[in-house]
Amino acid sequence: MGWGMLDYTPNVTMLEPALNQFRTLVNELQETEIDFAVGQLWREEQEAERTIPVEYPVCSQHHVLLCWHGCVVCHENAGILPADFDSNGR
């Protein structure tokens, strides 16, 4: 997996520092800094609006997790995912 799977050429000069900073933030995150009650509230709100898929469907072409609006790489399956999508994106 890598930049080659995208249908455009990203500005790596801009992205790499941001991705490195994000990696550092994630690696330094401590469990004591997480408010699990807020996460649960967010999940309940999202589930009510049907914005989180129940399973973990993936794009059969790119093998990335699908968001509710489809694959963020190939932009396929736009719109609400069918209820019968399984965890393999079928």
Side-chain angles (χ1 to χ4, degrees):
M1 208 177 295
W3 302 125
M5 73 179 345
L6 300 174
D7 60 358
Y8 64 94
T9 303
N11 184 338
V12 177
T13 304
M14 286 179 46
L15 285 175
E16 282 187 340
L19 292 172
N20 289 334
Q21 182 179 10
F22 181 69
R23 180 181 296 112
T24 299
L25 289 171
V26 170
N27 288 335
E28 293 178 359
L29 182 65
Q30 301 295 312
E31 187 173 343
T32 56
E33 299 173 302
I34 301 170
D35 186 342
F36 291 99
V38 171
Q40 179 61 34
L41 177 61
W42 177 84
R43 278 189 298 279
E44 290 170 0
E45 289 174 355
Q46 299 305 305
E47 287 170 1
E49 296 175 13
R50 293 186 43 104
T51 57
I52 299 178
V54 176
E55 297 287 328
Y56 296 101
V58 297
C59 174
S60 59
Q61 180 180 353
H62 298 106
H63 310 288
V64 297
L65 291 173
L66 295 176
C67 69
W68 194 253
H69 303 287
C71 178
V72 296
V73 177
C74 65
H75 313 290
E76 293 297 318
N77 302 316
I80 298 175
L81 294 173
D84 60 352
F85 256 46
D86 66 17
S87 60
N88 294 314
R90 294 184 290 255

**Hydrophobic cluster membership, Val12 vs Val73, 4.5 Å side-chain cutoff** =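 Result: yes, single cluster for both.
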**Item:** Path from Leu29 to Phe36 over hydrophobic side-chain contacts below 4.5 Å
**Value:**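 Cluster IDs for Leu29 and Phe36 match.
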**Asked** What pairs meet the side-chain hydrogen bond (donor to acceptor under 3.5 Å, both in side chains) rule with one or both residues in residues 12-27, with sequence neighbours excluded?
**Response**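 Sorted result for residues 12-27: Asn20-Arg23.
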**Item:** Backbone of Glu28 reached by a side-chain donor or acceptor of Gln30 within 3.5 Å
**Value:**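 Flag set: sc Gln30 to bb Glu28 pair under 3.5 Å.
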**Request:** Could you tell me whether the side chain of Val64 reaches within less than 4.5 Å of the side chain of Cys71, counting heavy atoms only?
**Result:**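 The answer is yes; the side chains approach within 4.5 Å.
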**Request:** Mind listing the closest non-hydrogen atom pair of Val58 and Leu66 along with its distance?
**Result:**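 Shortest heavy-atom contact: C-CG, 3.8 Å.
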